[in-house]
Number of protein chains: 2
Amino acid sequence: MTHPTVGHPAGLPDDPRADVTAPTPECPVEITLAALHGRWTTLVIRELLRGDHSYSELRAALPVMSDKVLSDRLAHLTRAGVVDRDRRPSWPPRVRYTLTPNGHRLGPVLQALWDWGAYGEEPRSTGDDPVGLRELPVHPKADGAARC
Amino acid sequence: MTHPTVGHPAGLPDDPRADVTAPTPECPVEITLAALHGRWTTLVIRELLRGDHSYSELRAALPVMSDKVLSDRLAHLTRAGVVDRDRRPSWPPRVRYTLTPNGHRLGPVLQALWDWGAYGEEPRSTGDDPVGLRELPVHPKADGAARC
DNA sequence: CAGCATCCATTCAGATACTG
DNA sequence: CAGTATCTGAATGGATGCTG
C-alpha cells in the first residue's frame, strides 16, 4: 500500500492511482474530468443524452455557442470516446452525432454533479422537504439523469 | 415544461435549469464543476477527505504543486463552501484545513468521476471480473470514495 | 449543411521572490 | 509556519469570415 490512511480500509483494492501526488492522465478522476473539460461540454452531452442530433440541431439547441467551440467540443468528445459521428456521404452532407455506450454512462456522473450543486435548495413540484435533505430523484432511466 | 423531451418523464420535477441553453452559474452542474475547477483541486479535496491538514502537510502531500496554486485552491474551495479554515492565533501560526459538510458530500461525486474513468479496466486485488463490468466498490464510508 | 481558419482578449498555472 | 506579489508563457473561448 503506497499511502496507508483512513482512505484505504483493509481488504479493498489499493489502486496506486488513488495516491498520486500530481494530476496524471492515468488517474480515473482526471480521465473523466478531461472528458468533461471545457465550457459548454456538459450541455452538449445533455443534448445528446436526449437523443442523437445533427450539427445544426445542436447549434439550434445551444444558440449562443459559436461554431468553433461546438466543433471543438464534438471533436474532443469524439476523441474521448463519448460521442460517435455518423457521416452520410450525400448532398447536402448529413452528419448525426450520437453518444457511445461510454457516453451514456456519463448520465450518472452528471446526475452526481447535479445532486451536489442542487443540494439543500427549496423543493419545487415534487413537494416540500422542510429538512432540506431533498435530492433530485434519480431517474429510472439513466439518461434522464443528465440535465445541464 | 420548458422543453418536453425524453429527458422529462411525466411526474418528475421539471427544473428550468435542466434546459438552459448556455452555461449559467445557477445550474447545479455548473456549480459543482465550478467548485472542482482548476488543476490540483480534486487532489486537494482527496487529501482533506482523508482528514484535516495543515498548509505544510498539504504541501508535503502534493510536493509538485506550487505555493501559489495551493493557496489559490484553498481560497477558492473556502469561497465555494467546501473547505473550512481554522486560524489559531499563535506563534508559529497554526492553520488547519478541514472539509465542511458540503465538502464531505463531494466524496460520492469524486467516486462517480472515478467510476467512469476506471470503467472496463482489469481488476486488481479484489478478484477477477472477466466481463469487464467491474466498478470500484463503493466504500461504506462516503469519505473513502474519493481518491484522486 | 457542416464545418475549419484566423485573430484577439482573457484566464491560468508555474516559477521566483518576498512577508506577517 | 503560512502564506502573498509579480511575471510570463500557454491554453481557452468568442467573433468573424470562408469552404467542401
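Values below: all heavy atoms of this structure, side chains included; hydrogens, waters and symmetry mates excluded. To find a chain, count down the sequence lines: A is the first, B the second, and so on, and within it residues start at 1.
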- Task: Could you walk me through whether A/E57 and A/R96 pass the side chain to side chain contact (heavy atoms under 4.5 Å, CB included) test, one step at a time?
- Result: CA-CA 10 Å; A/E57 283 167 354; A/R96 300 225 59 94; 3.0 Å; yes

Using a 4.0 Å heavy-atom cut-off across all strands, classify [X] as base, sugar-phosphate, or nothing.
{"X": "A/R85", "result": "sugar-phosphate"}
{"X": "A/H37", "result": "sugar-phosphate"}
{"X": "B/S71", "result": "base"}
{"X": "A/R88", "result": "nothing"}

- Message: We want to know whether B/R73 and B/T41 form a side-chain donor-acceptor pair, criterion being a heavy-atom distance below 3.5 angstrom.
- Response: yes

- Query: With a 4.5 Å heavy-atom cut-off, do A/S71 and A/Y55 have their side chains touching?
  - Reply: yes

Whole-Å distance separating the [atom1] atom of [X] from the [atom2] atom of [N]:
{"X": "A/D72", "N": "D/dG13", "atom1": "CG", "atom2": "P", "answer": "8 Å"}
{"X": "B/R73", "N": "D/dT4", "atom1": "CZ", "atom2": "C1'", "answer": "16 Å"}
{"X": "B/H53", "N": "D/dC1", "atom1": "NE2", "atom2": "C1'", "answer": "16 Å"}

- CG/B/L99 to CG/B/D52 distance, rounded to the nearest 0.5 angstrom? 9.0 Å

- Message: Nearest 0.5 Å, please: how far is NE2 in B/H53 from OG1 in B/T98?
- Response: 11.5 Å

- Message: Distance under 4.0 Å to a non-hydrogen atom of chain B counts as contact; along DNA chain C, which nucleotides mark the start and end?
- Response: C/dC12 to C/dG20

- Message: Any side-chain N or O of B/Y97 below 4.0 angstrom from OP1/OP2 of D/dG3?
- Response: yes

- From the options A/L43, A/L62, A/T42, select the one residue that forms a side chain to side chain contact (heavy atoms under 4.5 Å, CB included) with B/P23. A/L43

- Message: Could you check whether any side-chain N or O of A/T32 sits under 3.5 Å from a backbone N or O of B/W116, counting only pairs where one atom can act as donor and the other as acceptor?
- Response: no

- Task: Begin from the C-alpha positions of A/V64 and A/W40 and carry the test side chain to side chain contact (heavy atoms under 4.5 Å, CB included) through to its verdict.
- Result: CA-CA 10 Å; A/V64 187; A/W40 296 97; 3.7 Å; yes

- Under 4.0 Å protein heavy-atom contacts per nucleotide of nucleotides 14-20 of chain D, with B for base, S for backbone only and - for none: BB----B

Review item, side-chain donor-acceptor pairs of residues 75-88 of chain B, under 3.5 Å, at least two apart:
residue	atom	partner	partner atom	Å
B/H76	NE2	B/A34	O	3.1
B/T78	OG1	B/L74	O	2.6
B/R85	NE	B/Y97	OH	3.4

